[in-house]
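Here the structure is laid out as structure tokens; the discussion comes afterwards.
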Protein chains: 2
Amino acid sequence: MTAHLQASEGSRAVKRTIEFIRHHRLQKGDRLPSERELSDRFGVTRSSVREALAVLDALRLTERRPKSGIFLRNALEDSGLDSLVIQANLDLPFDERTMRDVSEARVIFETHAIRLACARRTDADLNRLRELVANYSSRVQAELNVANEDVEFHLAMAAASQNAIIVRTLTPLFLMSFQWRQKYFSSSVIRRRSLADHQEFVIAIADRDDIQATALVRKHVHSAFDEVLALVEGNGQPESHNQRAGGDE
Amino acid sequence: MTAHLQASEGSRAVKRTIEFIRHHRLQKGDRLPSERELSDRFGVTRSSVREALAVLDALRLTERRPKSGIFLRNALEDSGLDSLVIQANLDLPFDERTMRDVSEARVIFETHAIRLACARRTDADLNRLRELVANYSSRVQAELNVANEDVEFHLAMAAASQNAIIVRTLTPLFLMSFQWRQKYFSSSVIRRRSLADHQEFVIAIADRDDIQATALVRKHVHSAFDEVLALVEGNGQPESHNQRAGGDE
DNA sequence: CTACCAATCTGGTAGGACCAGATTGGTGTA
DNA sequence: TACACCAATCTGGTCCTACCAGATTGGTAG
């Protein structure tokens with residue numbers, strides 16, 4: 001449901017193009033090879049390349065100038081958050097700096113989301129959170145992975161802030177870390193600890209206790225980040241790595 | 001440089017598809033017409049439709065299931081922030097609720113960005129901010145629009161937080177409001193007031209005075225939001241409006 | 001050295017073709 | 001009547017070819 005089981009040629013082209021940009025250290029304003037050359041280089045049709053470029057355009061990474069060429073609008077590091085989700089889905093690695101920034105941003109954003117949730121949450125929000133915790137709990141007892149359910153719960157908390165933009169901001173931060181999350185929750189101990197945290201979250205939000213709630217965020221996210229950082233350690237830098245980038249097939 | 005002067009068929013197809021989703025009130029899980037039907041309906045080639053769908057896929061709005069169909073992955077309101085930028089570029093309107101959420105989110109995010117900037121800003125950051133203010137000032141005196149320069153300055157402040165994710169989060173919030181910004185800064189009085197604010201920002205950041213800096217954010221953004229809301233007032237709700245949706249040309 | 005023009009290159013768009021799995025509706029059987 | 005099965009149809013995925021017209025460029029004439 002989350003991972004693209006069989007990557008389409010379009011997705012491949014996106015990945016290859018991003019790798020190309022990284023490999024050649026292209027900077028803002030630099031020009032990419034023409035569509036025809038990229039299609040040769042990647043071994044796919046120009047149609048597929050064009051689909052990929054449409055995506056990169058939407059992510060504000062490239063700019064296609066008619067009758068002229070394809071140019072880098074922003075450095076890879078300056079594109080939108082959604083591009084991080086895509087890079088994650090394509091198994092492109094992140095550097096530690098990015099992960100650290102994501103963690104910090106998540107604490108900040110989620111802290112405020114929770115604070116607002118404490119002030120504005122409706123009874124419906126509360127019921128939904130309780131449902132999610134119940135479901136989470138049953139999955140934990142069944143020794144199932146709860147990576148999806150964890151995201152669901154945290155987004156539901158964010159939704160209780162009644163601010164859709166905050167939810168839409170947190171979403172990519174969760175999605176881009178889905179793979180780490182998957183590994184993270186493979187531990188039964190961690191699943192149980194996480195469940196306990198979630199239960200505390202619900203209590204705090206029910207009591208509108210934003211002091212307790214925000215403290216929980218810090219604890220919850222930081223402990224998770226430490227674990228994840230240990231897991232991902234040694235996965236490789238963003239530069240010059242060829243992780244499963246062998247032949248065309 | 002910002003607005004696409006002549007929309008490509010691919011962009012048109014994106015716009016038409018979003019309008020289709022809105023018009024038919026499609027919800028998460030609903031199925032869209034086939035590519036071939038959309039291409040008929042929009043009067044463009046399937047290639048163009050496919051480019052558009054690739055974009056909508058990247059924005060996590062749709063999901064293409066091979067040999068089956070195109071389905072809505074999320075409601076329009078739940079897609080990523082980048083989709084808001086695209087909607088803004090396509091002249092698709094936002095409802096007041098969204099604008100209010102954006103304003104609130106911007107205050108929250110930017111407040112934290114400034115706080116971090118006060119703590120972490122380097123001398124280089126400070127120099128850059130001063131350069132930008134100088135440029136801003138000269139443009140104000142020349143009675144030029146400073147919509148671009150305003151975004152530049154605020155993003156530079158965010159960059160001084162040394163957290164790239166925060167910058168990448170604020171970017172779409174600025175970009176999606178570029179049109180309002182354009183109108184907003186058409187007033188000479190507002191340009192001067194904004195310049196004064198910016199100068200105060202630099203002083204606060206130079207002194208690492210996060211109390212003053214965060215207070216400035218609130219004042220700066222709120223006053224701007226009020227003005228903008230007045231400007232946009234009566235632009236129409238997100239439903240059933242046909243703002244310049246007449247003939248094909 | 002400069003001005004100018006034509007060959008070339010580039011993105012944009014159209015249209016057609018084939019593949020193979022998903023879907024569906026009708027048929028024949030129990 | 002109800003169910004199982006199969007073939008026609010539909011769908012997304014990919015490839016290929018062909019034009020168009022503006023941007024670019026390299027060589028040539030002045």
Side-chain angles (χ1 to χ4, degrees), chain A residues 1 3-17 20-21 24 26 29-73 86 89-90 247-249, chain B residues 1 3-17 20-21 26 29-73 86 89-90 248-249:
Chain A
M1 181 166 278
H4 305 302
L5 297 182
Q6 49 179 12
S8 65
E9 294 300 335
S11 302
R12 283 185 172 286
V14 171
K15 181 172 185 175
R16 298 289 299 271
T17 307
F20 182 93
I21 293 171
H24 291 269
L26 296 190
D30 285 351
R31 178 178 178 165
L32 276 73
S34 72
E35 295 181 350
R36 290 168 176 87
E37 185 177 337
L38 289 178
S39 105
D40 275 351
R41 195 188 288 262
F42 298 162
V44 296
T45 331
R46 190 148 86 99
S47 316
S48 301
V49 171
R50 279 186 68 63
E51 268 192 56
L53 292 176
V55 170
L56 298 180
D57 263 25
L59 297 174
R60 297 189 300 284
L61 226 143
T62 60
E63 177 184 356
R64 290 179 286 178
R65 298 188 196 146
K67 288 80 197 247
S68 176
I70 308 159
F71 299 84
L72 225 63
R73 172 146 42 180
I86 294 192
N89 284 341
L90 294 175
D248 281 357
E249 279 299 327
Chain B
M1 181 164 278
H4 305 300
L5 296 182
Q6 49 178 9
S8 65
E9 294 300 335
S11 302
R12 284 185 169 286
V14 171
K15 182 173 186 175
R16 298 288 301 270
T17 306
F20 182 92
I21 294 171
L26 296 189
D30 285 350
R31 177 179 179 163
L32 276 72
S34 72
E35 296 181 350
R36 289 168 176 88
E37 185 177 338
L38 289 178
S39 107
D40 275 351
R41 195 187 291 260
F42 298 162
V44 298
T45 332
R46 192 149 83 100
S47 314
S48 301
V49 171
R50 282 189 111 305
E51 269 192 53
L53 291 176
V55 170
L56 298 180
D57 262 26
L59 297 174
R60 296 190 300 284
L61 223 141
T62 60
E63 177 185 355
R64 289 180 287 179
R65 298 187 197 148
K67 286 81 197 247
S68 175
I70 308 159
F71 299 84
L72 224 64
R73 174 148 36 184
I86 292 185
N89 284 341
L90 294 176
D248 281 358
E249 277 299 330

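Side chains are part of it too, since the values below use all heavy atoms of this structure and drop only hydrogens, waters and symmetry mates. Residue numbers start from 1 in every chain, and the chains themselves are labelled A, B, ... in the order their sequence lines are given, proteins ahead of strands. In this text, all values refer to a predicted model and were calculated from it rather than measured experimentally.
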Given that S34(B) and F71(A) both sit by DNA chain D, which one's nearest nucleotide is further toward the 5' end?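 Of the two residues, S34(B) wins.
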With the side chain counted from C-beta on, respond yes when E9(B) and E51(B) share a heavy-atom pair under 4.5 Å apart, and no when they do not.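 Heavy-atom side-chain distance check fails, nothing below 4.5 Å.
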Would you say L61(B) and I21(B) make side-chain contact, with heavy atoms under 4.5 Å?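 When only atoms from C-beta onward are counted, I21(B) and L61(B) do touch, with a gap below 4.5 Å.
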In whole angstrom, give the distance that lies between atom [atom1] of [X] and atom [atom2] of [N].
X      : N       : atom1 : atom2 : answer
R12(A) : dC15(D) : CZ    : P     : 11 Å
R50(B) : dC15(D) : CZ    : P     : 11 Å
R65(A) : dA21(D) : CZ    : P     : 23 Å
E35(B) : dC10(D) : CD    : P     : 16 Å
D40(B) : dG15(C) : CG    : C1'   : 12 Å
E37(B) : dT9(D)  : CD    : P     : 18 Å

dG13(D) base to R46(B) side chain: any donor-acceptor pair below 3.5 Å?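 Counting by modelled atom types and ignoring angles, a donor-acceptor contact under 3.5 Å is found here.
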Would you say the side chain of R64(A) and the base of dG12(C) hold a donor-acceptor pair, judged only by whether the two atoms sit under 3.5 Å apart?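 Between dG12(C) and R64(A), which were checked side chain against base, a qualifying N/O pair under 3.5 Å is absent.
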Over all strands shown, is I70(B) touching base, sugar-phosphate only, or nothing at heavy-atom distances under 4.0 angstrom?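 If one applies the 4.0 Å heavy-atom cut-off, I70(B) turns out to touch the sugar-phosphate alone, with no base involved.
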Step-by-step side-chain contact (heavy atoms from CB on, under 4.5 Å) determination, R12(A) to F42(A): CA-CA 9 Å; R12(A) 283 185 172 286; F42(A) 298 162; over 6 Å; no
Among the candidates [options], find the nucleotide nearest to the side-chain atoms of [X].
X      : options                   : result
S8(A)  : dA14(C), dG12(D), dT14(D) : dT14(D)
P66(B) : dC15(D), dG13(D), dT13(C) : dG13(D)
S68(A) : dT23(C), dT24(D), dG12(C) : dT24(D)
K67(A) : dC15(D), dA14(C), dA23(D) : dA23(D)

Which pair of non-hydrogen atoms, one from R41(B) and one from P33(B), has the smallest distance, and what is that distance?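 Heavy atoms only, the tightest pair is NH2-CG, 4.2 Å.
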